[in-house]
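Below is a structure I'd like to ask you about.
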Amino acid sequence: QVQLVESGGGLVQAGGSLRLSCAATGRTFSSQAMGWFRQAPGKEREFVAAFSWRGGTIVYKDSVKDRFTISRDNAKNMVYLQMNSLKPEDTAVYFCAAATVPGPYGLESKFKYGIWGQGTQVTVSS
């Protein structure tokens, strides 16, 4: 069974940077897309960034577009989220997710993704 394991979260001051990592372990699988989502206390889980393996489409949440970068290392089955110029409103638990079937949902929809990691906490102090 495939599992996603996130790492790299932590406490950082506003303006700082963090790089989140997502490792796919277990049986090798072929995913359609990979994404990062986040959930702050009392709020819905929201889209942050994602890419589609086919065509290389990359999309970002507008508020992170110029600060965050999603990338991947195919050989290592790793996905990364480089986060720069962090703001207090970026504070949340960040989740890595994988979609293994095309489905009807877009990259920004949490319903597209069937495999989720356990999350890693990111806290940005002001």
Side-chain angles (χ1 to χ4, degrees):
Q1 184 173 353
V2 175
Q3 289 187 320
L4 301 177
V5 180
E6 303 97 333
S7 61
L11 173 64
V12 65
Q13 289 188 331
S17 298
L18 284 173
R19 189 178 82 153
L20 305 183
S21 299
C22 174
T25 63
R27 185 173 61 88
T28 300
F29 74 106
S30 176
S31 69
Q32 295 288 321
M34 296 289 294
W36 286 97
F37 288 74
R38 67 188 182 187
Q39 188 166 16
K43 294 189 176 181
E44 293 286 324
R45 188 168 299 190
E46 66 175 9
F47 168 77
V48 176
F51 67 83
S52 170
W53 288 111
R54 291 186 181 182
T57 301
I58 299 176
V59 291
Y60 293 95
K61 177 181 174 64
D62 284 346
S63 64
V64 310
K65 193 172 296 185
D66 298 324
R67 302 184 294 121
F68 292 9
T69 302
I70 188 171
S71 63
R72 64 199 190 234
D73 185 328
N74 297 355
K76 296 181 179 179
N77 280 339
M78 295 288 294
V79 177
Y80 305 98
L81 185 68
Q82 177 67 42
M83 306 186 295
N84 299 326
S85 302
L86 282 161
K87 303 176 181 180
E89 51 264 42
D90 295 318
T91 295
V93 177
Y94 283 70
F95 298 89
C96 177
T100 56
V101 295
Y105 301 102
L107 288 172
E108 297 95 321
S109 173
K110 61 186 177 183
F111 300 109
K112 182 175 183 66
Y113 303 88
I115 302 174
W116 293 83
Q118 83 290 347
T120 185
Q121 176 71 48
V122 172
T123 302
V124 184
S125 63
S126 58

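Remember, it's a predicted structure, so these values are computed and weren't measured experimentally.
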So if you build clusters from Ile, Leu, Val, Met, Phe, Trp, Tyr with side-chain heavy-atom gaps below 4.5 Å, do Val12 and Leu81 land together? yes

Inter-residue atom distance Gln3.CD - Cys96.SG, 0.5 Å rounding: 12.5 Å

Shared ILVMFWY cluster between Phe68 and Ile58, side chains joined below 4.5 angstrom? yes

How many angstroms lie between atom OG of Ser52 and atom CE of Met34, to the nearest 0.5 angstrom? 12.0 Å

Can you check side-chain contact (heavy atoms from CB on, under 4.5 Å) on Tyr60 and Asp66, steps first, answer last? CA-CA 9 Å; Tyr60 293 95; Asp66 298 324; over 6 Å; no

Locate the shortest heavy-atom distance separating Ala50 from Leu107; write the atom from each residue and the value. CB-O, 3.9 Å

If you count every heavy atom of other residues, nucleotides or ligands that lies below 6.0 Å from Asn74 atom CG, does the total exceed 12? yes

Separation between CG of Leu4 and OG1 of Thr25, rounded to the nearest 0.5 Å: 7.5 Å

Exercise: identify the closest heavy-atom pair between Trp36 and Cys22: CZ2-CB, 3.6 Å

The reported gap from OG1 in Thr100 to CD in Gln32 (rounded to nearest 0.5 angstrom) is 8.0 Å

Could you go through Asp90 and Met83, starting from their C-alpha distance and side-chain angles, then the distance that decides it, and tell me whether this counts as side-chain contact (heavy atoms from CB on, under 4.5 Å)? CA-CA 9 Å; Asp90 295 318; Met83 306 186 295; over 6 Å; no

Non-hydrogen atoms of Ala14 and Ser126 that approach each other most closely: CB-CA, 4.4 Å

Measure the spacing between CZ of Arg38 and CD of Glu46 and express it to the nearest 0.5 Å. 4.5 Å

Apply side-chain contact (heavy atoms from CB on, under 4.5 Å) to residues Met78 and Ser21 and explain how you reach the verdict. CA-CA 7 Å; Met78 295 288 294; Ser21 299; 3.7 Å; yes

Please report the C-alpha distance between Glu6 and Leu20 in whole Å, then the side-chain angles of each, then the deciding distance to 0.1 Å, and finally whether the side-chain contact (heavy atoms from CB on, under 4.5 Å) criterion is met. CA-CA 7 Å; Glu6 303 97 333; Leu20 305 183; over 6 Å; no

Suppose the criterion is ring pair (Phe, Tyr, Trp, His ring centres under 6.0 Å): which pairs have a residue in residues 77-126, not counting sequence neighbours? Phe37-Tyr113, Phe37-Trp116, Tyr105-Phe111

Got a second to check how far Thr91's OG1 is from Gln121's CD, nearest 0.5 Å? 7.5 Å

Name all residues meeting the salt bridge (Lys or Arg N to Asp or Glu O under 4.0 Å) criterion together with Lys110; count only those two or more places apart in sequence or in a different chain, and write none if there are none. Glu44

Without swapping roles, check the side chain of Lys112 against the backbone of Ala98 for a donor-acceptor pair under 3.5 Å. no

Is Leu86 reachable from Phe47 through a run of hydrophobic residues whose side-chain heavy atoms are each under 4.5 Å from the next? no

Cluster question for you: counting only ILVMFWY and a side-chain heavy-atom cut-off of under 4.5 Å, with indirect links fine, are Val64 and Val93 together? no

Closest non-hydrogen atoms of Ala92 and Ala40, given as atom of the first, atom of the second and distance, are CB-N, 3.8 Å

Is Asp62 salt-bridged to Lys65, cutoff N-O under 4.0 Å? yes

